[in-house]
Amino acid sequence: MKPIIDILEQRVSDVMAVVAGESADAPAAIIKSSANPQFGDYQANGVMALAKKIKQNPRELAQQIVAKLDVGDMCEPPEVAGPGFINFRLKPGWLAQRLTEAICDPRRLGIDSCENPPTTVVDFSGPNIAKQMHVGHLRSTIIGDTIARVLEFWYGNPDKVIRQNHVGDWGTQFGMLVQYLIQHRINLAISSMQGSEADSLANLEDLYRKSKESFDNDPQFAASSRDCVVKLHNKDSSVMPFWQSIVKTSLDECQKIYDSLGVNLTEHDVRGESFYNDKLPSVISELSAAKLLQESDGAQCVFLDGFKTKEGEPLPMIVQKSDGAYLYATTDLAAIQYRVGQLRADRIIYVTDSRQKLHFEMLFACVRQAGWAGESVRLEHVPFGSVLGDDGKPFKTRSGENVKLKSLLDEAELRARQVVEEKNPDLPPDLKQRIAHAVGVGAVKYADLSNNLVTDYIFNWDKMLAMEGNTAPYMQYAYARVQSIFRKGQVDVADLLAQNHSLELAAPEEIGLAKLLLRYGEVVETVARDLRPHLLTTYLFDLAQTFSGFYTNCPVLKAEGTSRNTRLLLCYQTGRTIQHGLGLLGIETIEQM
RNA sequence: GCGCCCGUAGCUCAAUUGGAUAGAGUCGCGGACUUCGAAUCCGAAGGUUGCAGGUUCGAGUCCUGCCGGGCGCGCCA
């Protein structure tokens, strides 16, 4: 189904073009859903801009447009209001017809997929695998996952979305780790086979700490570590197995976190720094060939217009250090070449914290100048703020360490379990555990995604697990209540849908709910375009609240005939929309909680 | 010092990117369970959008200058 906004946009724009005549290019109709119900359901804001352009009275112009406008099939007669708005109020009969269509669409809820979806790379998560995943990886991982899910749905073609996990599996710290293993004759691959999972995990933590200690305190070890880095770069067979054992062990740990978080990332999405290692020399030579490379203090640099140091001098993007080593800028350049050249990406999205903003600005400027990404390739950085503790400082443990994602998730589940025990002690234990997992993980993700990306947010267990307010548990509860109606009424959904159902929207709560349900597609489209997940949580919360109002005022099972049928279908579509929307956020729904 | 981001109700956040009377949640206050799950709902209260100018039909949003905070600014990622 074509979105309501698009239908109105089309019709109003057509009339505007006629009214404007050939003299002027008519501006767009700019249809928005109205903020205030007093102004109807949708409004056209573009008339005033046109009036200005062709020097006419905006209200009179709006009147002319309304007179020529043919929207009688879907709206009550449109009204001109204020300085020149046109307000539209949808007819209940037309709403019912559209909603029926949405309900009968088993897969897409009546939402069209976009035309010509671009092949899109979503680069997210990207943990440094020398260490366990911690809270610093949380936002990129769940925001990136959501963006990938939303785009997959909006594009209507999962093949068009390519997840890339640009893990840090290369670099100087690996020299240190490998050197430690060699020196102590430890093969992680073997010890993790023999030991328990906890052992291999502890090994990695220990390994990092111990080798760091040696590196800092033992000059000879530090020297050997640096040699080890060189050997790694040369793919020396005496060190590679050790490196591989670290990578494998570490990625396995990451995978457990992803699985537990419900994040759609697998080993197939991993293209770590090591993947690009071979391609770095050609990055330099191609930059050189493009006449972009300059030496400065022994380092190979690209100087781009508009970037300055604190002294006001040109700020270089260093692509090769004076000792010959490459940097993350080099790897990112190679990654863009790979993504545009091999993956055929038309759109590349980077989900990282906002501190890397400057880096991406320079990176994008560089590939534009080098011609590695033409105008047709969209490069987008999605920056986000930090996770803070109650004190407003970066979220850390009491001892000042980064909070491990594993312990974070364990605690989420534990706290959710306590709530379930309190609210619903009679459920079977395994069900309680499933609920606790869905609620706990959902709460963490929802709390993150419901914030505007650019702002920092304060991590607060009590708020994210609260049953009241804009939280995952509230949303999941709303869903469970819908399901409860079907259970209680022993309504078979398949039968319900198979009936020749005629929707009849009468009560204001029914009409309001129907209108909101039909706006789901607009929201998905906006999120896909602007990459702002909190717009989706806002919508879902609005929907859940509107449903609650409907639920208290409109008995479903006690209603009869068409009314009962209508209300059941409204419940069905509400449940489905919440489930689908939460699904795009990577959050599970549960039938009872 | 320069650059980027931010400043909105006591608190946590929105505001469809320039649209109408700035909205939610939460806290506190007042109501609603014999009724499909009260983990809910309804109501009232709460504001000089950091300050001062400017742009225009119209500004929380854009421009300028201050104040306050966060982040970044050559060989880490």
Side-chain angles (χ1 to χ4, degrees), chain A residues 5 30-36 38-39 43 45-46 48-49 51-52 57-59 81-85 87 126 128 168 171-173 273 296-301 306-323 325 327-329 331-332 352-359 361 383 385-386 388 392 419-420 422-424 450-452 454-458 460 463 466-471 473-474 476-478 480-489 522-523 526 530 532 534-535 538-539 541-542 545 548-549 551-559 567 571 592-593:
Chain A
I5 282 194
I30 314 182
I31 307 296
K32 306 279 184 188
S33 55
S34 301
N36 188 333
Q38 169 192 354
F39 302 124
Q43 62 186 53
N45 295 342
M48 289 167 287
K52 190 171 191 176
N57 179 298
R59 279 193 66 101
F85 296 102
N87 294 338
N128 183 327
T172 48
Q173 75 269 50
E273 292 172 346
S296 172
D297 294 339
Q300 297 298 322
C301 304
F307 298 97
K308 293 194 171 110
T309 66
K310 46 188 157 186
E311 284 80 28
E313 279 154 34
L315 175 69
M317 183 167 77
I318 301 177
V319 291
Q320 190 171 22
K321 302 204 292 188
S322 47
D323 67 2
L327 297 96
Y328 74 132
T331 312
D332 275 340
T352 80
D353 74 272
S354 48
R355 285 178 300 208
Q356 297 190 46
K357 201 163 187 266
L358 182 61
H359 165 66
E361 282 170 8
S386 313
L388 306 177
V419 179
V420 176
E422 184 190 322
K423 300 286 182 188
N424 233 334
S450 58
N451 274 290
N452 195 335
V454 298
T455 53
D456 297 345
Y457 78 93
I458 292 174
N460 184 311
K463 280 190 181 160
M467 303 300 151
E468 50 281 317
N470 190 7
T471 66
Y474 176 89
Q476 289 166 320
Y477 175 69
R481 259 202 320 185
V482 175
Q483 298 317 109
S484 168
I485 290 173
F486 288 96
R487 269 200 309 275
K488 180 102 177 181
E522 296 165 17
V523 176
T526 307
D530 296 347
R532 296 196 303 166
H534 86 274
L535 297 176
T538 302
Y539 169 80
F541 182 56
D542 195 6
Q545 284 199 121
S548 284
Y551 179 90
T552 23
N553 290 303
C554 302
V556 177
L557 297 175
K558 284 179 190 157
R567 291 175 181 183
C571 287
Q592 43 182 322
M593 59 188 287

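Note that this is a predicted model, so its numbers are computed, not measured.
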Q: Return the nearest nucleotide to the side chain of N424(A); candidates are C36(B), C11(B), A39(B).
A: A39(B)
Q. Reckon M317(A) touches a base, only the sugar-phosphate, or nothing at all at heavy-atom distances under 4.0 Å?
A. nothing
Q) Quick one: CG on D297(A) to OG on S322(A), what's the gap to the nearest 0.5 Å? A) 8.5 Å
Q) Rounded to the Å, how far apart are Y551(A) OH and A32(B) P? A) 20 Å
Q. Base, sugar-phosphate alone, or nothing: which one does A81(A) contact when heavy atoms must sit under 4.0 Å apart?
A. base
Q | Shortest non-hydrogen contact from A51(A) toward N57(A) | A | CB-C, 4.4 Å
Q. Expressed in angstrom and rounded to an integer, what is the separation of N45(A) atom CG from A15(B) atom C1'?
A. 14 Å
Q: Could you tell me which non-hydrogen atom of P473(A) sits nearest to which non-hydrogen atom of M467(A), and how far apart they are?
A: CB-SD, 3.6 Å
Q) Roughly how far apart, to the nearest Å, are C62(B) and A20(B) at atom P? A) 16 Å
Q. Out of G70(B), C36(B), U40(B), which nucleotide sits closest to the side chain of S548(A)?
A. U40(B)
Q: Measure from CD on E468(A) to C1' on C13(B) and round the result to the nearest Å.
A: 16 Å
Q) Reckon P58(A) touches a base, only the sugar-phosphate, or nothing at all at heavy-atom distances under 4.0 Å? A) nothing
Q) Is N87(A) side chain donor-acceptor paired with the A20(B) base, going by distance under 3.5 Å alone? A) yes
Q. What interatomic distance, in whole Å, is found between C1' of G68(B) and the corresponding atom of C5(B)?
A. 14 Å
Q) What interatomic distance, in whole Å, is found between P of G54(B) and the corresponding atom of C29(B)? A) 45 Å
Q. Hey, which of I458(A), T455(A), D456(A) is the one that makes side chain to side chain contact (heavy atoms under 4.5 Å, CB included) with S386(A)?
A. D456(A)
Q. Roughly how far, to the nearest 0.5 Å, is the CZ atom of R567(A) from the CD1 atom of I485(A)?
A. 11.0 Å
(Q) For RNA chain B, report each stem as range with range, ordered by first number, or say none. Use Watson-Crick or G-U wobble pairs under 3.5 Å, at least 3 in a row. (A) B:1-5 with B:69-73, B:10-13 with B:23-26, B:29-32 with B:40-43, B:50-54 with B:62-66
Q: Could you check how far OH of Y457(A) sits from P of G69(B), rounded to whole Å?
A: 25 Å
Q. Once you round it to whole Å, what is the distance between P of G37(B) and CZ of R487(A)?
A. 8 Å
(Q) Using only atom types and a distance under 3.5 Å, with no angle test, would you say the side chain of T538(A) pairs donor to acceptor with the backbone of H534(A)? (A) yes
Q: Map F85(A) and K357(A) onto RNA chain B by nearest heavy atom, then report which one ends up closer to the 5' terminus.
A: K357(A)
Q.
Under the rule for ring pair (Phe, Tyr, Trp, His ring centres under 6.0 Å), what residues qualify as partners of F486(A), not counting sequence neighbours?
A. none
Q.
Suppose you measure atom P in G1(B) against the same atom in C41(B); what distance do you get, rounded to whole Å?
A. 50 Å
Q: Could you state the atom-to-atom distance from CG of N36(A) to C1' of A15(B) in whole Å?
A: 13 Å
**Q.** Distance, C1' atom - from A15(B) to C75(B), rounded to whole angstrom
**A.** 44 Å
Q. Hey, is F39(A) doing a stacking thing with A20(B), by the 5.5 Å centroid and 30° angle criteria?
A. yes
Q | Whole angstrom value for the distance that separates P of C13(B) from CG of N460(A) | A | 10 Å
**Q.** For S34(A), side-chain hydrogen bond (donor to acceptor under 3.5 Å, both in side chains) partners two or more places apart
**A.** Q43(A)
**Q.** Nearest-angstrom distance, P atom, G10(B) to C51(B)
**A.** 13 Å
Q | Upstream residue (5' side of RNA chain B) when Y474(A) and S450(A) are each assigned their closest nucleotide | A | S450(A)
Q: Under the side-chain hydrogen bond (donor to acceptor under 3.5 Å, both in side chains) rule, collect the residues that match up with S548(A), sequence neighbours excluded.
A: R481(A)
Q.
Regarding U21(B), can its base be found pairing with the side chain of Q38(A) as donor and acceptor, where the two atoms are less than 3.5 Å apart?
A. yes
Q. Between C27(B) and G65(B), how far is it from one P atom to the other, in whole Å?
A. 43 Å
Q. Could you state the interatomic distance from CG (L327(A)) to CD (E273(A)), rounded to the nearest 0.5 Å?
A. 10.5 Å
**Q.** Distance below 4.0 Å between Q545(A) side-chain N/O and G25(B) OP1 or OP2
**A.** yes
(Q) If I take atom OH from residue Y457(A) and atom CG from residue L388(A), how far apart are they, to the nearest 0.5 angstrom? (A) 9.5 Å
Q. Distance from Q173(A) atom CD to N128(A) atom CG, nearest 0.5 Å?
A. 4.5 Å
**Q.** Distance, nearest 0.5 Å, that separates OH of Y328(A) from CD of Q356(A)
**A.** 6.5 Å
Q: Treat primed atoms plus P, OP1 and OP2 as sugar-phosphate and everything else as base, then score nucleotides 71-77 of chain B 5' to 3': B for base contact with protein heavy atoms under 4.0 Å, S for sugar-phosphate contact only, - for none.
A: SSBBBSB
Q. Looking at S484(A), does any N or O in its side chain come under 4.0 Å of the phosphate oxygens OP1/OP2 on G37(B)?
A. yes
(Q) Please give the distance between the P atoms of A9(B) and A24(B) as a whole number of Å. (A) 16 Å
Q | Y474(A) to Q545(A) - nearest heavy-atom pair and separation | A | OH-CG, 3.4 Å
Q) R532(A) CZ to C13(B) P: how many Å, rounded? A) 16 Å
Q) Reading nucleotides 54-60 of chain B from the 5' end, what letters show protein touch, with B for base, S for backbone sugar-phosphate only, - for no heavy atom under 4.0 Å? A) --SB---
Q) Glycosidic conformation of C29(B), syn or anti, with 90° from 0 as the boundary? A) anti
